[in-house]
Amino acid sequence: MKKYLLFDLDGTLTDPKIGICTCVQYALASLGIEEPDLDKLEPFIGPPLKSSFMEFYQLDEARAEAAIGKYRERFQDKGIFENSPYEGIHRMLRNLKAKGMVLAVASSKPTVFVKQILEHYKMDKYFTVVMGSELDGRRGSKEEVVHAALRALFGNKPIERDAVYMIGDRRFDVEGAHAARVESVGVTYGYGSMEELKAARSDYIVRSVEELESFLLRGTDGQDQRIGFGKIWRVVFPFLLFFLIRQAVEGIGGFLLAALWSRLPGGDFWIVRGGEGMPIGFTGNAIAIVSALGFAVGGGVLFPMAKRAIRARWQDSKLLHLKGDPGKCYVLMGVAIVGAAFGLNLLISLLGLIEESEAYRQVAASQYAAWLPVGLICYGVIAPIAEELLFRGIVYHELRGFLKMSSSMVISAALFAMYHGNSVQGIYAFLIGMLMVYAYEYFGDFKVAVAIHMAANLLVYLVSSVGAADILMNWPVCVLCVTGAVVSVYFLNREKKIF
């Protein structure tokens, strides 16, 4: 939620097509240019008139000024009120104002006309600042209008740029926002297309007044941060259920392997034998397959619950992701996960933490004892999917129901760390879990979190299994990987802030 909202007028608050296009038609006719089709004059809605006359009809500056004079001749008498507010605009402005937001208008239209239109449609009461161009040509660009509106809003106080949205339907609104270093919200229900707003790199794009209202009001209902038993139980129950199912399935699987060892085909694939051929334990393959079965059953039981939670989370966040993210963001996130996965593992090893954790060494010995394809499928595919259903799909979603994003991120990552049962995996799981939540929120897609988890596990398992970790085990490589991860997240955050 942001407190200060700058609205364009034409194509954002009101539909001005008849008034603007008819006045442009009148101005062109005065210069001997006949244009009977009003639809062809829609590009005049939004940008400054002078630049539009010069661009679309190749008028020189003097003729463009003459056209503006004729335009205003008709506009001030008739065209000014040949428009109407979009359906739902009054309700939206009223609700925004009721939530304590400070509203302003930043329009390329002359201020005197903007004020008349707002007063005529009884919208003036919602706006603290009304800023437009001047009749004498001053403040003619959208950039200048946005800067002036911000100065009027904040006065002598520093401008809180992180608390401002500029909302409009054309690329000029987006460009004005970028120039003022504030975020932009493009609306496609006006006269700018999705393609135009994407090309201008609008930070967010919505398709209707209803979506705009939902977007601007998100988070304003407030979260009930009282932590009661019911809320805690909704977080703890799936955690315990998954853990118990895994333990039960793995216990039953181990019992069956022990009971049927003599009948199993390829017995050495499953059983480690002693000197007299008697079984003395399970191979890494058996442990991996039984573990994979536990993950699969646990994930399957949680799937209906996770599906509902993921779908609800998508409904809450989809307005943040209408525009889509550029390919470079996915590349940066890929670099971040590879750097974090390798860098953190190297850091933990170089600090000697592995030698201090007997529990981790036992887990690692068991996991890496499996045949490589079996280990990759179990620990690199099945386990990440099941764990994401639990931790990002359910646990994080439930926490977000009553906590802020940052708190939910930390707590879900802490639970992910506790779940692993040893300090080495716990440290790694906490930090990588934070990154997976960040990716989930950044892209608004649960599949991205799953893909990142799978990529991290597959890469680390593969490198460790083939012995490449020993070659990479040095401080320069560690620093390079961690730095790459941090820098990638920094540039991701520059592209889009999610906190």
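Heads up: numbering here begins at 1 and tracks the sequence. Values reported hereafter were calculated over all heavy atoms of this structure, with side chains retained and with hydrogens, waters and symmetry mates removed. As the structure is a prediction and not an experimental result, all values here were calculated from the model.
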Atom pair [atom1]/[atom2] of [X] and [Y] - distance to nearest 0.5 Å:
X: Y396; Y: I411; atom1: OH; atom2: CD1; answer: 11.0 Å
X: L302; Y: E388; atom1: CG; atom2: CD; answer: 12.5 Å
X: Y442; Y: N493; atom1: OH; atom2: CG; answer: 7.5 Å
X: Y440; Y: K447; atom1: OH; atom2: NZ; answer: 10.0 Å
X: R72; Y: K109; atom1: CZ; atom2: NZ; answer: 9.5 Å
X: N83; Y: I20; atom1: CG; atom2: CD1; answer: 8.0 Å

Given 3.5 Å as the limit, does a donor-acceptor pair link the side chain of [X] with the main chain of [Y], or not?
X: Y121; Y: P85; answer: no
X: K50; Y: E65; answer: no
X: S30; Y: A27; answer: yes
X: E211; Y: R207; answer: yes
X: S133; Y: S108; answer: yes
X: Q25; Y: E35; answer: yes
X: E196; Y: R171; answer: yes
X: S408; Y: K404; answer: yes
X: S412; Y: M409; answer: yes
X: Y428; Y: A417; answer: no

Check the orientation of [X] and [Y]. Use parallel for under 30°, tilted for 30 to 60°, and perpendicular for over 60°.
X: F443; Y: Y330; answer: parallel
X: H420; Y: F416; answer: perpendicular
X: F239; Y: F391; answer: perpendicular

Cationic N near anionic O, under 4.0 Å, [X] to [Y]:
X: E134; Y: R139; answer: yes
X: R170; Y: D8; answer: no
X: K70; Y: E73; answer: yes
X: E441; Y: K496; answer: no
X: K2; Y: E183; answer: yes

Which heavy atom of [X] sits nearest a heavy atom of [Y], and at what distance?
X: A152; Y: M131; value: CB-CE, 4.0 Å
X: S184; Y: V174; value: OG-CG1, 3.7 Å
X: G168; Y: L197; value: O-CD2, 4.5 Å
X: L212; Y: F7; value: CD2-CE2, 4.3 Å
X: C478; Y: G343; value: SG-O, 3.6 Å
X: H397; Y: G393; value: CB-O, 3.4 Å

For this session: Show your reasoning for whether side-chain contact (heavy atoms from CB on, under 4.5 Å) applies to I117 and L13.
Result: CA-CA 11 Å; I117 292 169; L13 297 176; over 6 Å; no
Under a 4.5 Å cut-off applied to non-hydrogen side-chain atoms, are [X] and [Y] in contact?
X: R63; Y: Q58; value: no
X: K142; Y: D173; value: yes
X: V164; Y: L153; value: no
X: V410; Y: F430; value: yes
X: L435; Y: L431; value: no
X: R392; Y: V437; value: yes
X: D124; Y: V130; value: no
X: Y4; Y: V182; value: no

For this session: Determine, stepwise, if the pair E160 / K3 fulfils salt bridge (charged side-chain N to carboxylate O under 4.0 Å, His left out).
Result: CA-CA 9 Å; E160 300 175 36; K3 182 177 181 180; over 6 Å; no
For this session: For I432 and I337, run side-chain contact (heavy atoms from CB on, under 4.5 Å): C-alpha distance rounded to whole Å, both residues' side-chain angles, the deciding distance at 0.1 Å, then the answer.
Result: CA-CA 8 Å; I432 213 75; I337 193 61; 3.7 Å; yes
For this session: Evaluate the criterion side-chain contact (heavy atoms from CB on, under 4.5 Å) for residue pair V395 and F242; output intermediate values, then yes/no.
Result: CA-CA 12 Å; V395 171; F242 183 76; over 6 Å; no
Exercise. Under 3.5 Å, is there a donor-acceptor pair linking the side chains of S84 and D15?
Worked result: no
Exercise. Do F75 and Y26 have ring centroids that are under 6.0 Å from one another?
Worked result: no
Problem set entry | Over 12 non-hydrogen atoms of neighbours within 6.0 angstrom of NZ in K115 | no
For this session: Step through the shown structure and confirm whether more than 12 heavy atoms of other residues, nucleotides or ligands are within 6.0 Å of CD on E210.
Result: yes
Exercise. So L458 and L462, side-chain contact (heavy atoms from CB on, under 4.5 Å) or not? Walk me through it.
Worked result: CA-CA 6 Å; L458 286 167; L462 182 61; 6.0 Å; no
Exercise. For F215 and Y165, what are the C-alpha separation, side-chain angles and deciding distance, and is it a ring pair (Phe, Tyr, Trp, His ring centres under 6.0 Å)?
Worked result: CA-CA 11 Å; F215 176 82; Y165 280 137; 5.4 Å; yes
